[in-house]
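Worksheet for the structure shown next.
Just so it is clear, the structure is predicted and the values come from calculations on it, not from any experiment.
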Amino acid sequence: MPGKDEFVVTPYEVRGRIDYARLREKFGTQELTPEILSRIRTLAGGSLPPLLARGVYYSHRDLPALLDRYAKGEPFFLYSGRGPSGPLHTSHLVPFDLCQWLQEKFRVPMYIQITDDEKFWARAPLTKAEAEHWGVENLLDLLAVGFDPKTTHVFFDTRSIRALYPLAVSAAKRIPYSTVKAVFGFVPSTNIGLVFYTSLQTAPAFYPSWVSGKGVPCLIPCGIDQDPHFRITRDVAEGLGYPKPALLHSQMLPGLLGEQVMSTTGEQKDNALFLNDPPKEVERKIRRAFTGGRASVEEQRRLGANPEICSVWAAWRSKFAPKEEEFDQITRDCRSGALLCGDCKGMLIDRVQGFLAHHAEAREQWRDRAEDLIIESPPELAKG
Ligand code: TRP
């Protein structure tokens, strides 16, 4: 067990109170500075999305070099993914909302990986059929954030294995067991699927380079918990003759019950807003959500509330108040005591219900088309 101030973050375990600045140091990643953000803003034509402007993304690897090359006319591609183990909640959209924005502003291709194999190996009770079912359902949710079907491609691990396997084979040969054991904290009873798995998560980062026969830079937006996989990817890249991918890391969003992470492992269904929650559920969950409010209305009017610890404010910040003026207004009125938690929750309930209704429609429009985006085998010319 970690000590009082200790915490553990790996792709398979998040434990303890996370100190994000220290985590960046532990992982050896770089700070996403105002200078880098302002370069992104310029290259994107003058705007930044909430996830970048408000500090949800806070860390990176090698981003400035990728931006330099882009500015000189060298395109890159985006890659992110999802391990399907159940219905998605709003925090699962964080990497994909950012990718969609980047795809649109930078006009670059997107590769999504759905790792049904990984979740089958990682989650004991999950059957293969369930992982595949959730893979299809999750994919519709991810595409519904607005990806461009012409430049979006999907690896669905159990169906795309012919495309991924040659690269995974090359990567696996260069990854010693001692590395995965140390990086992921594997124990003797860990199944060997997971021991091999990281080479499959590496494969998409090299895929466009492999099939085109020339180095294509890759940018991976992901939660910081996924960084251990990509440290390995970056370690093997050079030896295989591919560019090291650049990374953009986000913090994990806090849960509605005041948990530091919006996770629902262990029956904490009220800790998250699922994308398929009916309107009544949304209302019930937000009504009981943890806030930074005071003990009484009188006290709150006098002293104001504390947005930094509030799960409702976190929802405004990351997604539901996209316009800066509105977000600033909510934050100011919260701090001053002008806005009470009940009213703020009422506003958020409306906003989330509106979003989910729109989302439900958008995802169903993908149902017949998602299949077409899945890459099943590499083009003939790919070699090596
Ligand atoms: N391992 C990720 C998960 O458990 C899924 C994943 C695959 C991924 N490829 C990725 C996440 C690339 C971020 C970026 O959800």
Side-chain angles (χ1 to χ4, degrees), residues 29-33 35-49 51-52 57-82 94-113 142-143 145-155 160 163-164 167 171 201-224 226-227 229-250 373 375 378-379 381-382:
T29 66
Q30 306 301 308
E31 182 183 353
L32 188 58
T33 60
E35 291 71 40
I36 301 175
L37 288 172
S38 106
R39 286 208 65 201
I40 300 177
R41 180 189 286 114
T42 307
L43 290 169
S47 67
L48 275 184
L51 291 169
L52 290 178
Y57 278 86
Y58 84 115
S59 159
H60 75 91
R61 289 185 189 270
D62 279 352
L63 187 56
L66 180 115
L67 296 174
D68 285 344
R69 293 166 75 173
Y70 179 80
K72 289 192 195 120
E74 190 179 342
F76 59 92
F77 70 96
L78 295 159
Y79 161 40
S80 199
R82 172 72 208 151
V94 166
F96 299 94
D97 279 339
L98 182 65
C99 284
Q100 189 278 327
W101 183 86
L102 289 164
Q103 181 183 55
E104 191 178 305
K105 300 294 175 188
F106 288 75
R107 291 181 301 281
V108 289
M110 170 75 195
Y111 288 77
I112 299 173
Q113 183 177 32
L142 302 181
L143 292 170
V145 307
F147 286 110
D148 177 353
K150 291 191 290 300
T151 56
T152 301
H153 314 280
V154 176
F155 297 107
S160 304
L164 293 173
L167 281 167
Q201 185 153 328
T202 281
F206 302 148
Y207 189 82
S209 297
W210 177 49
V211 298
S212 71
K214 58 178 198 295
V216 190
C218 173
L219 173 61
I220 309 175
C222 60
I224 183 109
Q226 295 295 312
D227 184 72
H229 282 296
F230 298 119
R231 285 205 293 271
I232 295 176
T233 308
R234 287 167 53 86
D235 279 350
V236 302
E238 233 156 50
L240 295 175
Y242 301 122
K244 287 185 181 188
L247 291 151
L248 250 172
H249 307 105
S250 70
L373 306 188
I375 298 174
L381 51 145

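Smallest separation of non-hydrogen atoms from Val94 and Ser250: CG1-OG, 4.0 Å. When all heavy atoms of Pro149 and Leu373 are compared, the closest pair comes out as O-CD2, 3.6 Å. Listed here is the closest heavy atom pair of Pro245 and Thr233: CG-CG2, 3.8 Å. Residue Ser59 comes nearest to Thr29 through the heavy atom pair OG-OG1, 2.7 Å, listed as atom of the first residue, atom of the second, then distance. Heavy atoms only, all atoms of each residue included: Phe206 and Pro243 are closest at CE2-O, 4.0 Å. Gly215 and Pro217 make their closest contact through O-CD, 3.9 Å (heavy atoms, listed as atom of the first residue, atom of the second, distance).
The side-chain heavy atoms of Pro208 and Tyr111, taken from C-beta on, include a pair separated by under 4.5 Å. Taking the side chain as every heavy atom from C-beta outward, Tyr79 and Pro109 never approach each other to under 4.5 Å. Side-chain contact between Arg39 and Asp68: present, with at least one pair of heavy atoms (C-beta onward) separated by less than 4.5 Å. Inter-residue side-chain proximity for Ile36 and Gln30 is flagged as unmet; no heavy-atom pair is nearer than 4.5 Å. Between Lys214 and Ser209 there is no side-chain heavy-atom pair separated by less than 4.5 Å. Within the 4.5 Å cutoff, the side chain of Gln113 has no heavy atoms near those of the Ser160 side chain. Using a 4.5 Å cut-off on side-chain heavy atoms (C-beta onward), Tyr58 and Ile224 make contact.
Of the listed residues (Leu51, Leu247, Asp97, Leu98), just one forms a side chain to side chain contact (heavy atoms under 4.5 Å, CB included) with Pro221, and that residue is Leu98.
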### Query
Does the side-chain contact (heavy atoms from CB on, under 4.5 Å) test come out yes or no for Leu63 and Leu67, once each step is laid out?
CA-CA 6 Å; Leu63 187 56; Leu67 296 174; 4.1 Å; yes
### Task
For side-chain contact (heavy atoms from CB on, under 4.5 Å), just list the numbers for Phe96 and Leu78, CA-CA rounded to whole Å, side-chain angles, deciding distance to a tenth of an Å, and then say yes or no.
CA-CA 10 Å; Phe96 299 94; Leu78 295 159; over 6 Å; no
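To the nearest 0.5 Å, atom CG of residue Leu167 and atom CG of residue Leu240 are 8.0 Å apart. Taken to the nearest 0.5 Å, the CD atom of Gln201 stands 11.0 Å off from the CG atom of Leu164. How far CG of Leu219 is from CZ of Phe77: 9.5 Å, rounded to the nearest 0.5 Å. The OG1 atom of Thr151 lies 4.0 Å from the CD atom of Gln103; values are rounded to the nearest 0.5 Å. Here Ser80 contributes atom OG and Gln226 contributes atom CD; the two are 8.0 Å apart, rounded to the nearest 0.5 Å. With values rounded to the nearest 0.5 angstrom, Phe147 atom CZ is found 7.0 Å from Leu142 atom CG.
For Tyr207 and Phe155, the ring centers sit closer than 6.0 Å to each other.
Note on Arg61 versus Asp227: salt bridge recorded, some NZ/NE/NH1/NH2 to OD/OE distance being below 4.0 Å.
For Glu74, the CD atom counts as densely surrounded, since its 6.0 Å shell holds more than 12 non-hydrogen atoms of other residues, nucleotides or ligands.
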